[in-house]
2 protein chains.
Amino acid sequence: MTKPAAPDPTLLLDNQLCFMIYRLQRSITDRYRPILAEIGLTYPQYLVMLALWESRRLTVSQLGDRLSLDSGTLSPLLKRLETAAFIQRKRSTVDERLVEISLTARGRALRRQALAVPPAIGECFASSADEYWALRHQLSSLLERVETANAADQAG
Amino acid sequence: MTKPAAPDPTLLLDNQLCFMIYRLQRSITDRYRPILAEIGLTYPQYLVMLALWESRRLTVSQLGDRLSLDSGTLSPLLKRLETAAFIQRKRSTVDERLVEISLTARGRALRRQALAVPPAIGECFASSADEYWALRHQLSSLLERVETANAADQAG
DNA sequence: TCAATATAAGTTGTGCACAATCTATTTATG
DNA sequence: CATAAATAGATTGTGCACAACTTATATTGA
(Lines give C-alpha, C1' and ligand atoms only; values in the text may rest on other atoms or scores of the structure.)
Protein backbone atom coordinates (compact mmCIF):
# COMPACT_ATOMS: atom_id res chain seq x y z
CA MET A 1 0.00 0.00 0.00
CA THR A 2 1.44 3.33 -1.10
CA LYS A 3 1.03 6.69 0.49
CA PRO A 4 -1.04 9.28 -1.40
CA ALA A 5 1.17 11.35 -3.62
CA ALA A 6 0.33 14.76 -2.20
CA PRO A 7 -0.95 14.66 1.36
CA ASP A 8 -0.03 18.29 1.93
CA PRO A 9 -2.88 20.52 0.72
CA THR A 10 -0.71 23.61 0.18
CA LEU A 11 0.46 22.37 -3.21
CA LEU A 12 -2.87 21.11 -4.52
CA LEU A 13 -3.56 22.65 -7.90
CA ASP A 14 -7.19 23.39 -7.20
CA ASN A 15 -6.34 25.20 -3.99
CA GLN A 16 -4.27 27.73 -5.89
CA LEU A 17 -6.15 30.95 -6.53
CA CYS A 18 -3.46 31.76 -9.06
CA PHE A 19 -4.47 28.73 -11.12
CA MET A 20 -8.06 29.90 -11.12
CA ILE A 21 -7.09 33.34 -12.34
CA TYR A 22 -4.77 31.81 -14.91
CA ARG A 23 -7.64 29.77 -16.36
CA LEU A 24 -10.03 32.69 -16.06
CA GLN A 25 -7.78 34.97 -18.06
CA ARG A 26 -7.45 32.42 -20.86
CA SER A 27 -11.17 31.71 -20.84
CA ILE A 28 -11.91 35.39 -21.21
CA THR A 29 -9.46 35.71 -24.08
CA ASP A 30 -11.12 32.68 -25.70
CA ARG A 31 -14.43 34.48 -25.43
CA TYR A 32 -13.12 37.68 -27.01
CA ARG A 33 -11.08 36.02 -29.77
CA PRO A 34 -13.77 35.23 -32.36
CA ILE A 35 -15.59 38.50 -31.72
CA LEU A 36 -12.45 40.61 -32.08
CA ALA A 37 -11.31 38.60 -35.09
CA GLU A 38 -14.31 39.97 -36.96
CA ILE A 39 -12.94 43.50 -36.62
CA GLY A 40 -9.36 42.39 -37.23
CA LEU A 41 -7.94 42.70 -33.72
CA THR A 42 -6.32 40.43 -31.16
CA TYR A 43 -7.14 40.96 -27.50
CA PRO A 44 -3.99 42.93 -26.61
CA GLN A 45 -4.47 45.01 -29.76
CA TYR A 46 -8.05 45.71 -28.62
CA LEU A 47 -6.72 47.04 -25.31
CA VAL A 48 -4.34 49.34 -27.16
CA MET A 49 -7.19 50.60 -29.32
CA LEU A 50 -9.37 51.19 -26.24
CA ALA A 51 -6.60 53.31 -24.78
CA LEU A 52 -6.24 55.27 -28.01
CA TRP A 53 -9.99 55.82 -28.41
CA GLU A 54 -9.85 57.44 -24.99
CA SER A 55 -6.77 59.52 -25.61
CA ARG A 56 -6.31 59.82 -29.40
CA ARG A 57 -2.59 60.47 -29.06
CA LEU A 58 -0.10 58.77 -26.75
CA THR A 59 3.60 58.11 -26.76
CA VAL A 60 4.75 54.50 -26.65
CA SER A 61 5.72 54.77 -23.01
CA GLN A 62 2.44 56.45 -22.05
CA LEU A 63 0.68 53.49 -23.63
CA GLY A 64 3.03 51.24 -21.71
CA ASP A 65 2.12 52.91 -18.43
CA ARG A 66 -1.57 52.62 -19.21
CA LEU A 67 -1.39 48.90 -20.03
CA SER A 68 1.62 47.90 -17.92
CA LEU A 69 3.53 46.77 -21.00
CA ASP A 70 7.08 47.55 -22.08
CA SER A 71 8.46 48.50 -25.46
CA GLY A 72 9.51 44.91 -26.08
CA THR A 73 5.83 43.99 -26.24
CA LEU A 74 4.45 47.23 -27.65
CA SER A 75 6.88 47.93 -30.47
CA PRO A 76 6.01 44.87 -32.58
CA LEU A 77 2.32 45.07 -31.63
CA LEU A 78 2.16 48.69 -32.74
CA LYS A 79 3.97 47.79 -35.93
CA ARG A 80 1.17 45.32 -36.70
CA LEU A 81 -1.52 47.89 -35.91
CA GLU A 82 0.29 50.32 -38.22
CA THR A 83 0.43 47.71 -40.98
CA ALA A 84 -3.32 47.25 -40.53
CA ALA A 85 -3.63 51.05 -40.94
CA PHE A 86 -5.38 51.55 -37.60
CA ILE A 87 -2.66 53.77 -36.16
CA GLN A 88 0.17 56.09 -37.16
CA ARG A 89 3.54 56.54 -35.51
CA LYS A 90 5.34 59.84 -35.68
CA ARG A 91 8.58 61.00 -34.06
CA SER A 92 7.95 63.96 -31.83
CA THR A 93 9.62 67.13 -33.12
CA VAL A 94 9.94 68.52 -29.62
CA ASP A 95 11.70 65.47 -28.20
CA GLU A 96 13.00 63.14 -30.86
CA ARG A 97 13.21 60.21 -28.47
CA LEU A 98 9.42 60.06 -28.32
CA VAL A 99 7.22 58.27 -30.83
CA GLU A 100 3.65 59.48 -30.81
CA ILE A 101 0.94 57.00 -31.62
CA SER A 102 -2.28 58.36 -33.07
CA LEU A 103 -5.35 56.96 -34.78
CA THR A 104 -5.83 56.95 -38.53
CA ALA A 105 -9.26 57.57 -40.04
CA ARG A 106 -9.59 53.80 -40.28
CA GLY A 107 -8.68 53.46 -36.61
CA ARG A 108 -11.25 56.05 -35.59
CA ALA A 109 -13.87 54.36 -37.77
CA LEU A 110 -13.16 51.03 -36.11
CA ARG A 111 -14.56 52.42 -32.89
CA ARG A 112 -18.11 52.25 -34.20
CA GLN A 113 -17.69 48.55 -34.87
CA ALA A 114 -16.05 48.02 -31.50
CA LEU A 115 -19.15 49.37 -29.77
CA ALA A 116 -20.72 46.03 -30.66
CA VAL A 117 -18.05 44.06 -28.78
CA PRO A 118 -19.27 44.44 -25.16
CA PRO A 119 -22.85 43.43 -26.07
CA ALA A 120 -21.50 40.45 -28.03
CA ILE A 121 -19.52 39.30 -25.00
CA GLY A 122 -22.78 39.25 -23.15
CA GLU A 123 -23.43 38.95 -19.47
CA CYS A 124 -21.01 36.18 -18.69
CA PHE A 125 -19.06 38.35 -16.25
CA ALA A 126 -21.93 39.36 -14.04
CA SER A 127 -25.63 38.74 -14.18
CA SER A 128 -26.55 42.01 -12.51
CA ALA A 129 -25.16 45.49 -12.06
CA ASP A 130 -24.71 44.84 -8.35
CA GLU A 131 -22.70 41.73 -9.05
CA TYR A 132 -20.61 43.61 -11.61
CA TRP A 133 -19.66 46.31 -9.13
CA ALA A 134 -19.02 43.84 -6.33
CA LEU A 135 -16.73 41.82 -8.56
CA ARG A 136 -15.01 44.93 -9.86
CA HIS A 137 -14.35 46.02 -6.29
CA GLN A 138 -12.98 42.63 -5.22
CA LEU A 139 -10.75 42.31 -8.24
CA SER A 140 -9.43 45.83 -7.91
CA SER A 141 -8.48 45.36 -4.26
CA LEU A 142 -6.88 42.02 -5.09
CA LEU A 143 -4.94 43.62 -7.93
CA GLU A 144 -3.81 46.39 -5.63
CA ARG A 145 -2.63 43.93 -3.00
CA VAL A 146 -0.58 41.94 -5.50
CA GLU A 147 0.92 45.05 -7.08
CA THR A 148 1.78 46.44 -3.66
CA ALA A 149 3.46 43.20 -2.69
CA ASN A 150 5.42 43.23 -5.94
CA ALA A 151 6.49 46.83 -5.44
CA ALA A 152 7.57 46.05 -1.87
CA ASP A 153 9.74 43.19 -3.15
CA GLN A 154 11.21 45.49 -5.75
CA ALA A 155 12.23 47.97 -3.07
CA GLY A 156 13.29 45.57 -0.30
CA MET B 1 -13.52 73.40 -28.08
CA THR B 2 -13.38 69.71 -28.96
CA LYS B 3 -15.69 66.96 -27.86
CA PRO B 4 -14.27 64.39 -25.44
CA ALA B 5 -12.84 61.45 -27.31
CA ALA B 6 -14.85 58.69 -25.67
CA PRO B 7 -18.19 59.82 -24.28
CA ASP B 8 -19.60 56.30 -24.38
CA PRO B 9 -18.62 54.49 -21.15
CA THR B 10 -18.96 50.99 -22.59
CA LEU B 11 -15.52 51.16 -24.20
CA LEU B 12 -13.64 52.76 -21.32
CA LEU B 13 -10.61 50.68 -20.48
CA ASP B 14 -11.10 50.91 -16.75
CA ASN B 15 -14.69 49.71 -17.00
CA GLN B 16 -13.58 46.44 -18.53
CA LEU B 17 -13.44 43.63 -15.99
CA CYS B 18 -11.41 41.71 -18.54
CA PHE B 19 -8.67 44.35 -18.36
CA MET B 20 -8.56 44.00 -14.60
CA ILE B 21 -8.19 40.23 -14.84
CA TYR B 22 -5.59 40.62 -17.58
CA ARG B 23 -3.48 42.84 -15.33
CA LEU B 24 -4.14 40.64 -12.32
CA GLN B 25 -2.88 37.53 -14.10
CA ARG B 26 0.32 39.27 -15.17
CA SER B 27 0.84 40.73 -11.70
CA ILE B 28 0.50 37.30 -10.15
CA THR B 29 2.98 35.83 -12.61
CA ASP B 30 5.36 38.69 -11.79
CA ARG B 31 5.04 37.74 -8.14
CA TYR B 32 5.80 34.07 -8.77
CA ARG B 33 8.61 34.59 -11.29
CA PRO B 34 11.58 35.33 -8.98
CA ILE B 35 10.45 32.74 -6.44
CA LEU B 36 10.05 30.00 -9.03
CA ALA B 37 13.29 30.98 -10.76
CA GLU B 38 15.11 29.88 -7.62
CA ILE B 39 13.90 26.33 -8.12
CA GLY B 40 14.35 26.47 -11.89
CA LEU B 41 10.73 26.69 -13.02
CA THR B 42 8.55 29.08 -14.97
CA TYR B 43 4.98 29.60 -13.86
CA PRO B 44 3.37 27.25 -16.42
CA GLN B 45 6.04 24.65 -15.65
CA TYR B 46 5.15 25.00 -11.97
CA LEU B 47 1.51 24.21 -12.77
CA VAL B 48 2.58 21.09 -14.66
CA MET B 49 4.72 19.99 -11.73
CA LEU B 50 1.83 20.61 -9.30
CA ALA B 51 -0.34 18.33 -11.43
CA LEU B 52 2.37 15.66 -11.49
CA TRP B 53 3.03 15.83 -7.75
CA GLU B 54 -0.66 15.03 -7.34
CA SER B 55 -0.78 12.23 -9.88
CA ARG B 56 2.79 11.02 -10.43
CA ARG B 57 1.95 9.71 -13.89
CA LEU B 58 -0.20 11.34 -16.58
CA THR B 59 -0.44 11.19 -20.34
CA VAL B 60 0.09 14.40 -22.27
CA SER B 61 -3.62 14.76 -22.96
CA GLN B 62 -4.57 14.07 -19.34
CA LEU B 63 -2.23 16.90 -18.40
CA GLY B 64 -3.85 18.98 -21.10
CA ASP B 65 -7.31 18.34 -19.65
CA ARG B 66 -6.10 19.22 -16.19
CA LEU B 67 -4.55 22.50 -17.25
CA SER B 68 -6.69 23.31 -20.29
CA LEU B 69 -3.67 23.30 -22.56
CA ASP B 70 -3.15 21.57 -25.89
CA SER B 71 -0.19 19.62 -27.20
CA GLY B 72 1.05 22.66 -29.08
CA THR B 73 1.77 24.27 -25.73
CA LEU B 74 2.61 21.17 -23.71
CA SER B 75 4.97 19.36 -26.07
CA PRO B 76 7.73 21.96 -26.04
CA LEU B 77 7.15 22.77 -22.36
CA LEU B 78 7.50 19.09 -21.41
CA LYS B 79 10.60 18.84 -23.55
CA ARG B 80 12.14 21.61 -21.45
CA LEU B 81 11.12 19.90 -18.20
CA GLU B 82 12.67 16.70 -19.53
CA THR B 83 15.89 18.52 -20.41
CA ALA B 84 15.93 19.84 -16.84
CA ALA B 85 15.57 16.21 -15.71
CA PHE B 86 12.40 16.86 -13.70
CA ILE B 87 10.25 14.49 -15.76
CA GLN B 88 10.46 11.46 -18.05
CA ARG B 89 8.40 10.71 -21.14
CA LYS B 90 7.68 7.15 -22.16
CA ARG B 91 5.54 5.73 -24.95
CA SER B 92 2.83 3.52 -23.54
CA THR B 93 3.28 -0.11 -24.56
CA VAL B 94 -0.46 -0.72 -24.33
CA ASP B 95 -1.40 2.14 -26.65
CA GLU B 96 1.53 3.49 -28.59
CA ARG B 97 -0.22 6.77 -29.30
CA LEU B 98 0.06 7.72 -25.65
CA VAL B 99 3.08 9.33 -24.07
CA GLU B 100 3.19 8.93 -20.31
CA ILE B 101 4.78 11.69 -18.27
CA SER B 102 6.25 10.74 -14.92
CA LEU B 103 8.52 12.32 -12.34
CA THR B 104 12.20 11.61 -12.08
CA ALA B 105 13.89 11.39 -8.69
CA ARG B 106 14.95 14.97 -9.24
CA GLY B 107 11.36 15.94 -10.01
CA ARG B 108 10.08 14.26 -6.85
CA ALA B 109 12.82 15.92 -4.81
CA LEU B 110 11.85 19.31 -6.18
CA ARG B 111 8.54 19.02 -4.34
CA ARG B 112 10.22 19.60 -1.00
CA GLN B 113 11.62 22.89 -2.28
CA ALA B 114 8.27 23.81 -3.81
CA LEU B 115 6.63 23.59 -0.40
CA ALA B 116 8.35 26.89 0.32
CA VAL B 117 6.66 28.63 -2.61
CA PRO B 118 3.19 29.35 -1.17
CA PRO B 119 4.65 30.84 2.04
CA ALA B 120 7.04 32.93 -0.05
CA ILE B 121 4.15 34.32 -2.09
CA GLY B 122 2.67 35.45 1.19
CA GLU B 123 -0.77 36.72 1.94
CA CYS B 124 -1.20 39.00 -1.01
CA PHE B 125 -4.23 37.11 -2.30
CA ALA B 126 -6.31 37.25 0.83
CA SER B 127 -5.67 38.62 4.28
CA SER B 128 -7.88 36.07 6.01
CA ALA B 129 -9.18 32.55 5.49
CA ASP B 130 -12.70 33.91 5.10
CA GLU B 131 -11.56 36.28 2.40
CA TYR B 132 -9.68 33.48 0.69
CA TRP B 133 -12.76 31.27 0.48
CA ALA B 134 -15.04 34.12 -0.54
CA LEU B 135 -12.67 35.06 -3.34
CA ARG B 136 -12.24 31.45 -4.37
CA HIS B 137 -16.01 31.09 -4.59
CA GLN B 138 -16.47 34.26 -6.62
CA LEU B 139 -13.70 33.40 -9.03
CA SER B 140 -14.88 29.87 -9.51
CA SER B 141 -18.44 30.93 -10.35
CA LEU B 142 -17.09 33.58 -12.70
CA LEU B 143 -14.86 31.01 -14.37
CA GLU B 144 -17.79 28.66 -14.73
CA ARG B 145 -19.95 31.35 -16.28
CA VAL B 146 -17.33 32.25 -18.87
CA GLU B 147 -16.59 28.63 -19.70
CA THR B 148 -20.29 27.89 -20.04
CA ALA B 149 -20.73 30.85 -22.36
CA ASN B 150 -17.76 29.66 -24.43
CA ALA B 151 -19.12 26.14 -24.63
CA ALA B 152 -22.53 27.47 -25.67
CA ASP B 153 -20.90 29.45 -28.50
CA GLN B 154 -19.01 26.37 -29.56
CA ALA B 155 -22.26 24.39 -29.83
CA GLY B 156 -24.62 27.04 -31.17
C1' DT C 1 31.24 73.11 -22.58
C1' DC C 2 31.41 68.51 -22.59
C1' DA C 3 31.44 64.20 -20.33
C1' DA C 4 28.35 61.30 -17.31
C1' DT C 5 23.75 59.98 -16.69
C1' DA C 6 19.05 59.26 -17.78
C1' DT C 7 15.32 58.37 -20.83
C1' DA C 8 12.70 56.58 -25.11
C1' DA C 9 12.13 53.25 -28.27
C1' DG C 10 13.68 49.35 -30.80
C1' DT C 11 15.96 44.64 -31.13
C1' DT C 12 17.10 39.93 -29.79
C1' DG C 13 16.22 35.75 -27.54
C1' DT C 14 13.24 32.66 -24.67
C1' DG C 15 8.93 30.78 -23.38
C1' DC C 16 4.23 30.39 -23.45
C1' DA C 17 -0.66 30.08 -26.00
C1' DC C 18 -3.20 28.68 -29.81
C1' DA C 19 -4.62 27.56 -34.71
C1' DA C 20 -3.69 24.53 -38.33
C1' DT C 21 -1.52 20.71 -40.04
C1' DC C 22 0.93 16.19 -40.00
C1' DT C 23 2.11 11.37 -38.69
C1' DA C 24 1.29 7.27 -36.32
C1' DT C 25 -1.72 4.33 -34.07
C1' DT C 26 -6.19 2.58 -32.76
C1' DT C 27 -11.07 1.83 -33.21
C1' DA C 28 -15.26 1.49 -35.87
C1' DT C 29 -17.76 -0.10 -39.89
C1' DG C 30 -19.01 -1.98 -44.17
C1' DC D 1 -10.62 -8.23 -43.21
C1' DA D 2 -10.03 -3.84 -45.17
C1' DT D 3 -10.87 0.75 -45.11
C1' DA D 4 -12.78 4.87 -42.99
C1' DA D 5 -12.92 7.59 -38.96
C1' DA D 6 -11.14 8.90 -34.60
C1' DT D 7 -7.50 9.82 -31.35
C1' DA D 8 -2.69 11.09 -29.45
C1' DG D 9 1.03 13.69 -29.88
C1' DA D 10 4.34 16.54 -32.46
C1' DT D 11 5.34 20.36 -35.60
C1' DT D 12 4.87 24.92 -37.80
C1' DG D 13 3.63 29.59 -37.76
C1' DT D 14 1.83 33.82 -35.45
C1' DG D 15 1.43 36.82 -31.61
C1' DC D 16 2.06 38.18 -27.14
C1' DA D 17 5.15 38.93 -22.58
C1' DC D 18 9.40 39.90 -20.66
C1' DA D 19 14.51 40.17 -19.80
C1' DA D 20 18.63 41.99 -21.56
C1' DC D 21 20.81 44.80 -24.63
C1' DT D 22 21.46 48.60 -28.20
C1' DT D 23 20.98 53.14 -30.27
C1' DA D 24 19.65 57.76 -30.27
C1' DT D 25 18.44 61.81 -27.95
C1' DA D 26 18.07 64.77 -23.75
C1' DT D 27 19.43 66.31 -19.34
C1' DT D 28 22.79 67.06 -15.76
C1' DG D 29 26.36 69.06 -13.63
C1' DA D 30 31.33 69.39 -12.82
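Order of the sequence lines fixes the chain letters, A, B, ..., with proteins taken first and strands second; residue numbering starts at 1 for each chain.
Taking a heavy-atom distance under 4.0 Å as the criterion, the stretch of DNA chain C touched by chain B extends 5' to 3' from C/dG15 to C/dT26.
Here A/R31 pairs with B/D153 under the side-chain hydrogen bond (donor to acceptor under 3.5 Å, both in side chains) rule; sequence neighbours left out. Scanning for side-chain contact (heavy atoms from CB on, under 4.5 Å) contacts around B/T93 gives an empty result, with sequence neighbours left out. Every residue two or more places apart in sequence or in another chain that forms a side-chain hydrogen bond (donor to acceptor under 3.5 Å, both in side chains) with A/D95 is listed here: A/R97. The side-chain hydrogen bond (donor to acceptor under 3.5 Å, both in side chains) test applied to A/E82 returns A/R89, not counting sequence neighbours.
Side-chain contact check for B/S92 and B/E96: no donor-acceptor pair (N or O, by modelled atom type) lies under 3.5 Å.
Taking atom CG of residue B/L77 and atom P of nucleotide D/dT11, one finds them 14 Å apart after rounding to whole Å. Atom CG in B/D95 sits about 11 Å away from atom C1' in D/dG9, given to the nearest Å. Per the geometry, CG belonging to B/L74 stands 14 Å off P belonging to D/dT11, to the nearest Å.
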| request: Begin from the C-alpha positions of A/V117 and A/Y32 and carry the test side chain to side chain contact (heavy atoms under 4.5 Å, CB included) through to its verdict. | output: CA-CA 8 Å; A/V117 171; A/Y32 274 89; 3.9 Å; yes
| B/D14/A/R66 under salt bridge (Lys or Arg N to Asp or Glu O under 4.0 Å): CA gap, chis, key distance, verdict | CA-CA 10 Å; B/D14 290 330; A/R66 192 82 179 87; 3.2 Å; yes
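With axes fitted over five pairs at each extremity, the angle between the ends of the helix from C/dT1-D/dA30 to C/dG30-D/dC1 is 0° (10° resolution).
Looking at every heavy atom in both residues, A/P119 comes nearest to A/L115 through CD-O, 3.3 Å. Between A/A51 and B/L13, the closest heavy-atom pair is CB-CD2, 4.1 Å. The two residues A/T10 and A/Q16 have their closest heavy-atom pair at O-NE2, 2.8 Å.
Projected onto DNA chain D by closest heavy-atom contact, A/T93 and B/L78 fall at different nucleotides, the more 5' of which corresponds to B/L78. Nearer to the 5' terminus of DNA chain D, by closest-nucleotide assignment, is the contact made by A/R80 (compared with the other of A/S92 and A/R80). Position along DNA chain C of the nearest nucleotide to A/K79 versus B/E96 favours A/K79 as the more 5'-ward residue. Taking for each of B/V94 and B/Q25 the nucleotide of DNA chain C with the nearest heavy atom, the 5'-most of the two is the partner of B/Q25.
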Are any protein N/O atoms closer than 3.5 Å to N/O atoms in nucleotides 18-21 of chain D? If there are, list each pair with its distance.
residue: D/dC18; atom: OP2; partner: B/R26; partner atom: NH1; Å: 2.9
residue: D/dC18; atom: N4; partner: A/G72; partner atom: O; Å: 3.4

Write down the protein N/O and nucleotide N/O pairs, taken from nucleotides 4-6 of chain D, whose separation is under 3.5 Å; answer none if there are no such pairs.
none

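Side-chain heavy atoms closer than 4.5 Å link hydrophobic residues (I, L, V, M, F, W, Y) into clusters, and following such links, even through other members, never connects A/L98 to A/V60.
Between A/R91 and the phosphate of D/dT25, there is no side-chain N or O to OP1/OP2 separation shorter than 4.0 Å.
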Atom pairs and distances, side-chain donor-acceptor, residues 144-152 of chain B, under 3.5 Å, sequence neighbours left out:
residue: B/R145; atom: NE; partner: A/C124; partner atom: O; Å: 2.9
residue: B/R145; atom: NH1; partner: A/E131; partner atom: OE2; Å: 3.2
residue: B/R145; atom: NH2; partner: A/F125; partner atom: O; Å: 2.7
residue: B/R145; atom: NH2; partner: A/E131; partner atom: OE2; Å: 3.1
residue: B/T148; atom: OG1; partner: B/E144; partner atom: O; Å: 2.7
residue: B/N150; atom: ND2; partner: A/S27; partner atom: O; Å: 3.0

For residues 68-75 of chain A, please give each side-chain donor-acceptor pair under 3.5 Å, one per line with the distance, not counting sequence neighbours.
residue: A/D70; atom: OD1; partner: A/G72; partner atom: N; Å: 3.1
residue: A/D70; atom: OD1; partner: A/T73; partner atom: N; Å: 3.1
residue: A/D70; atom: OD1; partner: A/T73; partner atom: OG1; Å: 3.4
residue: A/S75; atom: OG; partner: A/S71; partner atom: O; Å: 3.1

Side-chain donor-acceptor contacts of residues 37-47 of chain B below 3.5 Å, not counting sequence neighbours, with atom names and distances?
residue: B/T42; atom: OG1; partner: B/Q45; partner atom: N; Å: 3.3
residue: B/Y43; atom: OH; partner: A/C18; partner atom: O; Å: 3.2
residue: B/Q45; atom: OE1; partner: B/T42; partner atom: N; Å: 3.1

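No side-chain heavy atom of B/E54 sits under 4.5 Å from any side-chain heavy atom of A/L11. Counting heavy atoms from C-beta on, the side chains of A/R57 and A/Q88 never come closer than 4.5 Å.
For the segment residues 43-50 of chain A, the set of residues with a heavy atom within less than 4.0 Å of an atom of DNA chain D comprises A/P44, A/Q45, in numerical order.
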